[in-house]
Amino acid sequence: MEISEEIVETTTADGEMAVLLKRPVADGAWPNVVIFHDAPGIRDAIHEFANRLAEVGYVVAIPDLYHRQGRMIGFEPADVDADPSKRDRIYELLGSLTDDGIQGDLDGALKVLGTGADDKLGCIGFCLGARAVFRTMMRFPDQFVAGATWHPSFLADDEPDSPHLTAAELKGSLYIGIGDADKIQSIEMHQRFFDAVEPLSKVSVEIFEGADHGFSWPGYATYHETAASVSWTRTLALFESELA
């Protein structure tokens with residue numbers, strides 16, 4: 001399916017923010033999906049994933065979560081390999097994000113999409129974006145009815161607002177794909193969250209043998225074809241079921 005791309009500027013409490021939009025060119029009642037990018041930001045891999053999603057019939061919005069630090073910041077793997085200091089910059093940017101800030105960015109993206117109270121939306125989060133997916137589904141339980149998290153981060157911590165403490169109250173359908181070889185955010189680090197959602201029939205946790213953190217991205221050293229392919233299939237099935 002032919003798709004179009006545009007970057008739309010919107011406003012947040014912390015200034016102007018770009019929202020990357022991908023959508024089918026053909027007319028249709030295409031469901032809306034928000035993608036929360038991971039630590040390397042909006043780079044080629046995010047564009048390619050969003051293209052695939054738009055090509056099968058979704059309007060995809062990606063808020064620029066790093067807009068407080070610069071516009072449309074993204075790091076390609078070859079550039080990071082060539083200049084290791086960029087890895088420190090990625091972690092610096094990651095540390096600048098807050099739950100409240102990301103939710104404010106989501107509000108900006110929703111303004112761009114023009115969604116109403118009766119619209120059903122989906123969301124996808126990679127790494128840190130998984131926590132944003134959870135916060136979004138808890139905040140808008142009647143709108144964001146489906147979410148997918150791939151190689152998640154920060155779903156359980158020792159803070160009083162840790163996601164695992166309220167995870168049992170989740171209403172929507174959530175898919176979680178994680179590798180048993182994740183060296184950055186291991187299964188053990190999320191176990192309290194997984195235990196909390198285990199009784200929920202609409203939550204599915206899938207563990208991939210041998211998959212590391214960042215298994216989503218072709219061309220990356222951590223790419224795991226089975227984990228990426230199965231997570232894609234599961235995510236599409238979830239969206240087709242909940243957003244049609």
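Residues Phe208 and Phe49 are members of one and the same hydrophobic cluster, defined by side-chain heavy-atom contacts under 4.5 angstrom among Ile, Leu, Val, Met, Phe, Trp and Tyr. A chain of hydrophobic side-chain contacts below 4.5 Å, direct or via other Ile, Leu, Val, Met, Phe, Trp or Tyr residues, connects Val59 to Phe36. Hydrophobic clustering (side-chain heavy atoms under 4.5 Å, transitive across Ile, Leu, Val, Met, Phe, Trp, Tyr) groups Tyr66 together with Val8. Residues Ile176 and Val33 are members of separate hydrophobic clusters, defined by side-chain heavy-atom contacts under 4.5 angstrom among Ile, Leu, Val, Met, Phe, Trp and Tyr. Ile46 and Val34 fall into different hydrophobic clusters, where Ile, Leu, Val, Met, Phe, Trp and Tyr are joined by side-chain heavy atoms under 4.5 Å apart, directly or via other members.
Put simply, the side chain of Val56 does not reach to within 4.5 Å of the side chain of Phe239, judged on heavy atoms. Within the 4.5 Å cutoff, side-chain heavy atoms of Asp158 are placed close to those of Arg192. With a 4.5 Å cut-off on side-chain heavy atoms, Val80 and Arg89 do not count as touching. Considering only heavy atoms from C-beta on, Glu169 stays 4.5 Å or farther from Leu200 through its side chain. You'll find the side chain of His47 reaches within 4.5 Å of the side chain of Glu5, heavy atoms only. In this structure the side chain of Pro63 never reaches within 4.5 angstrom of the side chain of Leu106, judged on heavy atoms. Between Leu21 and Leu113, the closest side-chain pair of non-hydrogen atoms falls below 4.5 Å. Taking the side chain as every heavy atom from C-beta outward, Pro152 and His190 approach each other to under 4.5 Å.
Salt-bridge check for Glu55 with Arg52: failed, with every basic side-chain N at 4.0 Å or more from each acidic carboxylate O. Ion pairing of Asp157 with Arg131 is present here, as a side-chain N (NZ or NE/NH1/NH2) and a carboxylate O approach within less than 4.0 Å. In summary, Asp99 and Arg139 do not engage in a salt bridge, as defined by a charged side-chain N under 4.0 Å from a carboxylate O.
Taking the six-membered ring for Trp and thresholds of 30 and 60 degrees, Phe126 and His151 have ring planes inclined between 30 and 60 degrees apart.
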Note to self: Before you tell me yes or no, could you show the steps for Lys202 and Leu174 under side-chain contact (heavy atoms from CB on, under 4.5 Å), namely the whole-Å CA-CA distance, both residues' side-chain angles and the distance that decides it to 0.1 Å?
What the structure shows: CA-CA 6 Å; Lys202 289 187 174 184; Leu174 178 65; over 6 Å; no
Next item on the list: Assess whether side-chain contact (heavy atoms from CB on, under 4.5 Å) is satisfied between Tyr175 and Glu206, documenting all intermediate values.
Entry: CA-CA 8 Å; Tyr175 170 78; Glu206 189 155 16; 3.1 Å; yes
Check: Would Arg135 and Asp100 count as a salt bridge (charged side-chain N to carboxylate O under 4.0 Å, His left out) if you check the C-alpha gap in whole Å, the side-chain angles of each, and the deciding distance to 0.1 Å?
Finding: CA-CA 9 Å; Arg135 296 292 193 210; Asp100 288 345; over 6 Å; no
Next item on the list: Please report the C-alpha distance between Arg71 and Ile42 in whole Å, then the side-chain angles of each, then the deciding distance to 0.1 Å, and finally whether the side-chain contact (heavy atoms from CB on, under 4.5 Å) criterion is met.
Entry: CA-CA 10 Å; Arg71 189 176 186 279; Ile42 300 176; over 6 Å; no
Next item on the list: List the steps, then state whether side-chain contact (heavy atoms from CB on, under 4.5 Å) holds for Asp195 with Glu198.
Entry: CA-CA 5 Å; Asp195 290 344; Glu198 196 277 332; 5.7 Å; no
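Looking at residues two or more places apart in sequence or on another chain, you find no side chain to side chain donor-acceptor pair (under 3.5 Å) involving Thr233. With sequence neighbours excluded, the residues forming a side chain to side chain donor-acceptor pair (under 3.5 Å) with Ser173 are Glu242, listed by chain and number. Qualifying ring-ring contact (aromatic ring centres under 6.0 Å, His included) partners for Phe154, counting only residues two or more places apart in sequence or in other chains: none.
Summarising the geometry of Leu128 relative to Ala39, their closest heavy-atom pair is CD2-N, 3.6 Å, with the distance given to 0.1 Å. Taking each heavy atom of Ser231 and Ala227 in turn, the nearest pair found is OG-O, 2.8 Å. Across every non-hydrogen atom of Met72 and Ala18, the tightest pair is SD-CB, 3.8 Å. Residues Lys171 and Asp142 share a closest heavy-atom pair of NZ-OD1, 3.1 Å. Taking all atoms of both residues into account, the shortest heavy-atom contact from Ala196 to His164 is CB-O, 3.6 Å. Summarising the geometry of Leu53 relative to Trp232, their closest heavy-atom pair is N-CH2, 3.7 Å, with the distance given to 0.1 Å.
Between the side chain of Glu76 and the backbone N or O of Pro40, no donor-acceptor pair lies under 3.5 Å. A donor-acceptor pair is defined here as one N or O able to donate and one able to accept, closer than 3.5 Å; no such pair exists between the side chain of His67 and the backbone of Gly15. No side-chain donor-acceptor contact under 3.5 Å links Lys22 to the backbone of Ile62. With hydrogens and angles ignored, the 3.5 Å screen pairs a side-chain donor or acceptor of Arg68 with a backbone N or O of Gly101.
Here His213 contributes atom NE2 and Thr222 contributes atom OG1; the two are 8.5 Å apart, rounded to the nearest 0.5 Å. Rounding to the nearest 0.5 angstrom, the gap separating the CG atom in Leu155 from the CD atom in Gln185 is 8.0 Å. With rounding to the nearest 0.5 Å, the separation of CZ in Phe140 from CG in Leu121 is 9.5 Å. Distance check, rounded to the nearest 0.5 Å: OG1 of Thr10 to CG of Asp64 gives 12.0 Å. The line from CG of Leu93 to NZ of Lys86 is 11.5 Å long, rounded to the nearest 0.5 Å. The CD1 atom of Ile187 sits 8.0 Å away from atom CG of Asp182, with the distance rounded to the nearest 0.5 Å.
Under the 6.0 Å distance and 45° angle rule, Arg23 does not count as a cation-pi partner of Trp30.
Summarising the local packing, CD of Glu209 is surrounded by 12 or fewer heavy atoms from other residues, nucleotides or ligands at distances under 6.0 Å. Asp118 CG: 12 or fewer foreign heavy atoms inside a 6.0 Å radius.
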